[in-house]
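What follows is a single structure, written as structure tokens, with notes after it.
Given the structure is predicted, the values throughout are model-derived calculations rather than measurements.
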Amino acid sequence: MNAVTIVIGSICILMIAYRLYGTFIAAKVLKLSDASPTPAHTLNDGKDYVPTNKWVTFGHHFAAIAAAGPLVGPILAAQFGYLPGLLWLLIGAVIGGAVHDAVVLFASMRKNGKSLSEVAKDELGPVAGFCTGLAMLFIITITMAGLSMVVLHALENNPWGTFAVGITIPIAMGVGLFYKKTGNLKLASTIGFILLMVGVFAGPSIQHTVIGEWLTFDTKTLAVILPAYAFFAAALPVWLLLAPRDYLSSFMKIGVFIALIIGVFVINPGIPFPAVTQFVNGGGPIIAGPVWPFISITIACGAISGFHAFVGSGTTPKMMNRWTDIKVVGFGAMLVECVVGIMALIAATSLQPADYFAINSTPAVFQTLGMNVVNLPHLSQEIGLSLEGRTGGAVTLAVGMTYIFTKIPWFSHLAPYFFQFVIMFEAVFILTAIDAGTRVARYLIQDFFGEVYKPLKRVDWVPGNIFASALACLMWGYLLFSGDIGSVWALFGVSNQLMASIGLIIGATVILNIADKRRYMLTCLIPLAYLFVTVNYAGYWMVKNVYLNPSAAGFSILNAVLSIVMLVLGIIILVMAVKKWIQLLNAPRLQLEALSA
């Protein structure tokens with residue numbers, strides 16, 4: 001198998017799916033029409049609700065949903081071989097993820113851009129609304145820990161990478177201040193990009209200096225620094241750090257993957273990985289469980305992701321210019337993210353299997369596999385960094401992309417620069433998600449606890465903002481500090497896919513209310529049936545075999561409690577939904593139309 005075959009075949013499948021299934025969802029199931037104005041028009045306030053060109057909205061939505069998940073999940077899932085991950089990415093994105101994102105966006109727009117918990121309250125009742133809000137708080141907390149875990153081993157004892165990532169913070173703030181003062185976006189963008197490149201190329205000069213010593217951190221220190229950074233990102237004005245970082249990262253996201261696709265077409269690397277490995281039945285060094293259900297838990301973003309529901313019922317529905325733009329923004333952006341996941345999978349599986357496992361396993365575990373590394377010593381020497389035991393996926397992606405780029409003769413001597421650039425690229429991806437996610441967690445905490453203490457609901461109340469930001473960072477920071485990538489990423493995967501199940505539950509309810517044919521509800525029920533069974537079995541497996549198993553590396557009573565609480569909340573929401581579905585199905589059609597009006 002070679003990479004070009006996978007890329008061409010996958011892109012063709014996704015284009016056909018967009019043209020046929022995307023059109024069916026838009027025209028027949030959701031009955032999208034521009035006859036009525038969107039909430040961006042009816043509630044236009046020049047701040048949150050602003051009618052926006054569909055391609056600008058697409059860019060915002062894609063930048064928000066394409067965080068670390070489609071980069072890291074496929075890399076960790078390569079443990080099972082290239083075929084399970086590739087099949088789940090394509091099938092999951094078309095049948096599950098794109099439908100989920102489109103219907104959640106539609107459901108939120110029908111309710112004037114409300115959050116998914118508010119939509120659940122309106123569609124399913126107050127109990128389901130409360131459970132959805134509580135589940136969202138749990139899930140966003142776990143999501144932040146899962147995403148942050150990816151950064152730790154990439155920056156561990158890596159002063160060059162830490163400098164390149166750290167310098168992006170003042171650069172983003174400088175871009176924000178410059179643009180606010182001058183209004184010159186092109187100049188601000190140009191200066192920001194040039195400074196980012198200077199940060200990467202200045203790295204070697206600081207590695208063996210006092211500054212390099214200051215920036216050499218172990219994982220525990222980094223696990224304290226990241227939540228501390230997130231506190232300021234969540235509490236500072238959005239225009240000062242979050243918005244300019246998001247803007248700059250969108251250029252990097254698109255540009256790097258276009259370059260990777262071009263690189264794959266130029267050198268057409270072979271895929272030395274087998275289609276399936278010996279770990280499909282479990283017992284792998286990265287993910288302990290079997291290929292099912294863990295392929296669908298490990299690869300969340302890129303196939304289907306509950307994190308998208310936070311975006312699809314957050315900023316995006318308030319920007320939609322026309323109802324028919326849902327096909328491009330909701331359905332289309334998910335398929336583009338699937339391409340990102342496929343390219344990450346190719347980057348990982350283009351490495352020799354032994355090299356891949358040496359990077360993603362601790363040295364002690366790797367010795368038990370009976371494998372001998374092939375290119376890793378040479379790659380470590382070229383990059384100037386020991387690569388063994390750097391678990392988490394970020395280093396594997398950087399090594400895989402560096403391996404592909406340096407096969408091009410012009411770039412053969414630039415391995416360390418490519419590696420550190422990709423590390424910065426990944427970290428900017430992740431820090432963007434941490435910025436936005438921690439701010440969302442702050443809002444959820446203020447809404448949730450504001451029912452008890454009313455001033456907390458005021459987003460302009462500084463003490464409340466500080467309290468909520470600190471509590472959010474403390475919660476996910478503790479998970480980050482005490483966890484490992486295997487247990488935390490599995491916890492993230494379970495929680496994320498549970499959120500996607502909730503999104504599909506609400507989407508099915510909305511479709512049952514508005515569709516001409518009730519069987520159109522199956523567009524949500526089919527992926528929901530698979531995902532709900534998968535996520536509950538995976539949660540049960542992790543609780544039984546890992547979190548409550550004292551001999552397991554991921555033993556954690558806290559993770560067990562979090563998993564059980566989330567799964568129970570999901571079951572309650574499903575029960576409330578089934579009751580509502582029975583009520584709607586038994587209602588005469590005219591009465592049903594009156595209920596949905």
Side-chain angles (χ1 to χ4, degrees), residues 10-41 50-66 70 89-113 116 119 254 301-305 307-341 500 503-504 506-508 510-517 519-524 526-527:
S10 298
I11 291 177
C12 287
I13 289 170
L14 295 174
M15 290 176 67
I16 294 169
Y18 177 79
R19 179 67 180 88
L20 299 180
Y21 196 44
T23 300
F24 170 74
I25 294 293
K28 297 293 186 180
V29 179
L30 302 181
K31 299 189 296 185
L32 299 180
S33 170
D34 295 328
S36 60
T38 65
H41 287 279
V50 180
T52 307
N53 176 277
K54 69 178 177 181
W55 297 114
V56 175
T57 307
F58 175 92
H60 158 79
H61 187 77
F62 176 73
I65 65 173
L89 280 164
L90 291 171
I91 297 171
V94 172
I95 296 178
V99 174
H100 168 274
D101 290 12
V103 297
V104 166
L105 181 55
F106 176 76
S108 179
M109 288 174 66
R110 286 183 76 239
K111 300 297 181 181
N112 291 325
L116 202 62
V119 175
I254 296 169
C301 302
I304 180 170
S305 170
F307 183 71
H308 297 188
F310 290 97
V311 181
S313 64
T315 54
T316 302
K318 301 175 179 66
M319 299 168 61
M320 298 292 289
N321 186 42
R322 301 188 305 174
W323 288 94
T324 52
D325 292 348
I326 288 175
K327 179 185 173 183
V328 172
V329 176
F331 202 94
M334 178 65 241
L335 299 187
V336 175
E337 187 181 14
C338 178
V339 175
V340 173
L504 289 170
I506 296 169
V510 171
I511 291 172
L512 187 56
N513 268 319
I514 61 100
D516 292 330
K517 297 178 181 179
R519 66 173 179 267
Y520 289 164
M521 183 185 183
L522 291 173
T523 56
C524 285
I526 290 173

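The aromatic rings of Phe331 and Tyr18 are tilted relative to each other, their planes meeting at an angle between 30° and 60°. Note on ring orientation: taking the six-membered ring where Trp is involved, the planes of Phe24 and Tyr21 are parallel (angle under 30°, cut-offs 30° and 60°).
Side-chain contact between Asp325 and Thr57 is absent, with no heavy atoms from C-beta onward closer than 4.5 Å. For the pair Leu90 and Ser10, the minimum side-chain heavy-atom distance is below 4.5 Å.
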Throw together a table of side-chain donor-acceptor distances under 3.5 angstrom for residues 96-109, partners on residues two or more places apart or in other chains.
{"unit_1": "Asp101", "atom_1": "OD1", "unit_2": "His308", "atom_2": "ND1", "d": "3.4"}
{"unit_1": "Asp101", "atom_1": "OD2", "unit_2": "His308", "atom_2": "ND1", "d": "2.7"}
{"unit_1": "Ser108", "atom_1": "OG", "unit_2": "Lys114", "atom_2": "O", "d": "2.7"}

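One finds the CD1 atom of Ile326 at 6.5 Å from the CG atom of Leu30 (value rounded to the nearest 0.5 Å). Expressed to the nearest 0.5 Å, how far CE of Met521 lies from CD1 of Ile514 amounts to 12.0 Å.
For residues 26-35, every residue pair satisfying the side-chain hydrogen bond (donor to acceptor under 3.5 Å, both in side chains) rule, not counting sequence neighbours, is listed here: Lys31-Asp516, Asp34-Thr324.
Side-chain atoms of Thr316 do not come within 3.5 Å of backbone N or O of Gly312 as any donor-acceptor pair.
In this view, Lys54 satisfies the side-chain hydrogen bond (donor to acceptor under 3.5 Å, both in side chains) rule with no residue, not counting sequence neighbours. Residues passing the side-chain contact (heavy atoms from CB on, under 4.5 Å) test with Ile95 are Ile91, Pro527, sequence neighbours excluded. Residues satisfying the salt bridge (Lys or Arg N to Asp or Glu O under 4.0 Å) criterion with Lys111, sequence neighbours excluded, are Glu123. Legend: residues meeting side-chain contact (heavy atoms from CB on, under 4.5 Å) with Ala17, ordered by chain and number and at least two apart, are Val94. Every residue was checked against the ring-ring contact (aromatic ring centres under 6.0 Å, His included) condition with Phe58, not counting sequence neighbours, and none meets it. In this structure Thr38 satisfies the side-chain hydrogen bond (donor to acceptor under 3.5 Å, both in side chains) test with no other residue, sequence neighbours excluded. With sequence neighbours left out, Ile11 forms a side-chain contact (heavy atoms from CB on, under 4.5 Å) with Val7, Met15.
Taking all atoms of both residues into account, the shortest heavy-atom contact from Val29 to Ala515 is O-CB, 4.0 Å. Nearest heavy atom pair, residue Met319 against residue Ala40, reads C-CB, 4.0 Å.
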Requested in this report: Evaluate the side chain to side chain contact (heavy atoms under 4.5 Å, CB included) criterion for residues Val119 and Ser313: first the C-alpha distance (whole Å), next the side-chain angles of each, then the deciding distance (0.1 Å), finally the verdict.
Outcome: CA-CA 9 Å; Val119 175; Ser313 64; 5.7 Å; no

Requested in this report: Begin from the C-alpha positions of Thr23 and Lys327 and carry the test side chain to side chain contact (heavy atoms under 4.5 Å, CB included) through to its verdict.
Outcome: CA-CA 7 Å; Thr23 300; Lys327 179 185 173 183; 2.7 Å; yes

